[in-house]
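Values reported hereafter were calculated over all heavy atoms of this structure, with side chains retained and with hydrogens, waters and symmetry mates removed.
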Amino acid sequence: MNRQQIHLRLMTEADTSKIVAWRNKEFVRNNFIYQELFTKEGHRTWMREQVEPGHVVQFIICLADGREIGSVYFRDIDRTAHTAEYGIFIGEEDALGCGYGSQTAKLALGYAFETLQLQKVFLRFLEGNVGARKSYENAGFRMIENKRDTVFLQQGELQVFFMEIDRENWMKSKEVEESWASMLRNED
């Protein structure tokens with residue numbers, strides 16, 4: 001397993017071609033509820049109507065060597081209720097299953113709770129997306145029991161599951177992780 005660290009940078013208009021190419025890959029599209037092909041104009045509209053007014057904060061996921069592999073975002077940011085929806089996609093197939101999704105979620109949640117001052121972040125995922133669920137759980141998200149939806153997609157009828165994490169539980173998981181990291185450093 002590749003242990004290369006990742007960092008996030010804010011998405012810009014210059015990333016449009018990359019975002020469109022990644023989102024149009026079949027292995028990415030099949031894991032989204034919205035499965036229509038992306039266009040450059042559609043992405044520019046997203047930037048103008050969602051990102052620029054602050055309804056969405058979107059990042060590019062970058063490896064330590066500079067390679068860019070996908071995007072992560074918070075959408076429908078409600079600054080009154082202090083909530084938002086989390087979304088991610090890894091657009092480079094060889095970067096799947098390397099732990100980058102979990103690393104990304106942890107970094108992004110830090111931004112959500114510390115910078116955006118959110119109190120709760122939720123997400124949705126399609127049944128069968130086992131890798132995503134594992135990544136979300138590794139980052140501290142928990143299933144919302146008895147909350148699911150059904151959608152009809154090109155793959156047929158699928159269940160949509162919901163997960164969430166609140167600021168308090170994120171702080172606890174962060175403290176546990178820091179404690180383990182400290183113990184490991186002391187053993188070296």
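- Here R9 contributes atom CZ and I60 contributes atom CD1; the two are 5.0 Å apart, rounded to the nearest 0.5 Å.
- Transitive grouping of hydrophobic side chains (ILVMFWY, heavy atoms separated by less than 4.5 Å) keeps F32 and L37 in distinct clusters.
- Checked by atom type and distance alone, the side chain of N30 never pairs as donor or acceptor with a backbone atom of F27 at under 3.5 Å.
- Note that CZ of R133 is 6.0 Å distant from CE of M163, once rounded to the nearest 0.5 Å.
- Taking every heavy atom of both residues into account, K106 and W170 meet most closely at O-NE1, 4.4 Å.
- Closest approach of Q103 and I6 over heavy atoms only: OE1-N, 3.3 Å.
- A distance-only check finds no donor-acceptor pair linking the side chain of S135 to the backbone of G131 [under 3.5 Å].
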* Asked: Should V160 and L126 be marked as a side-chain contact (heavy atoms from CB on, under 4.5 Å) after you check the CA-CA gap, both sets of side-chain angles, and the distance that decides it?
  -> CA-CA 5 Å; V160 178; L126 293 174; 3.8 Å; yes
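- Annotation: side chain to side chain donor-acceptor pair (under 3.5 Å) contacts involving residues 69-80, sequence neighbours excluded, comprise Q58-S71.
- Annotation: side chain to side chain donor-acceptor pair (under 3.5 Å) contacts of K40 (sequence neighbours excluded): S17.
- Separating the CZ atom in F125 from the CZ atom in F141 is a distance of 11.5 Å, to the nearest 0.5 Å.
- Residues V28 and V130 are members of separate hydrophobic clusters, defined by side-chain heavy-atom contacts under 4.5 angstrom among Ile, Leu, Val, Met, Phe, Trp and Tyr.
- Rounded to the nearest 0.5 angstrom, T83 OG1 and L118 CG are separated by 7.0 Å.
- By the 4.5 Å heavy-atom criterion applied to side chains, I69 and D94 are not counted as neighbours.
- No side-chain heavy atom of I77 sits under 4.5 Å from any side-chain heavy atom of H55.
- Counted within 6.0 Å of NZ on K25, heavy atoms from surrounding residues, nucleotides or ligands total more than 12; the atom is thus considered enclosed.
- Counting heavy atoms from C-beta outward, R23 and R29 have side chains that approach closer than 4.5 Å.
- Between E13 and T16 the shortest side-chain heavy-atom distance falls below 4.5 Å.
- With rounding to the nearest 0.5 Å, the separation of OH in Y100 from SG in C62 is 12.0 Å.
- Side-chain contact check for N129 versus F161: every heavy-atom pair is 4.5 Å or farther apart.
- Note on ring orientation: taking the six-membered ring where Trp is involved, the planes of F89 and W22 are perpendicular (angle over 60°, cut-offs 30° and 60°).
- Contact check for Y136 versus I165: no side-chain heavy atoms found under the 4.5 Å cut-off.
- Shortest non-hydrogen contact noted between L109 and A139 is CD1-O, 3.8 Å.
- Residues E164 and M143 have side chains not in contact (no heavy-atom distance under 4.5 Å, counting atoms from C-beta outward).
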Please list, one pair per line, the donor and acceptor atoms closer than 3.5 Å that link side chains of residues 110-117 to other protein atoms, with sequence neighbours excluded.
from: E114; atom 1: OE2; to: K174; atom 2: NZ; distance (Å): 2.8
from: Q117; atom 1: NE2; to: E114; atom 2: O; distance (Å): 2.4

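- A distance of 12.0 Å separates CD in E68 from CE in M11, rounded to the nearest 0.5 Å.
- Judged purely by atom type and a 3.5 angstrom limit, D166 uses its side chain to pair as donor or acceptor with the backbone of N169.
- With a 4.5 Å cut-off on side-chain heavy atoms, L8 and I61 count as touching.
- Shown here is K120, whose NZ atom has no more than 12 heavy atoms of other residues, nucleotides or ligands within 6.0 Å.
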* **Pair Y86-F122, ring-ring contact (aromatic ring centres under 6.0 Å, His included): steps then yes or no** => CA-CA 6 Å; Y86 174 85; F122 68 94; over 10 Å; no
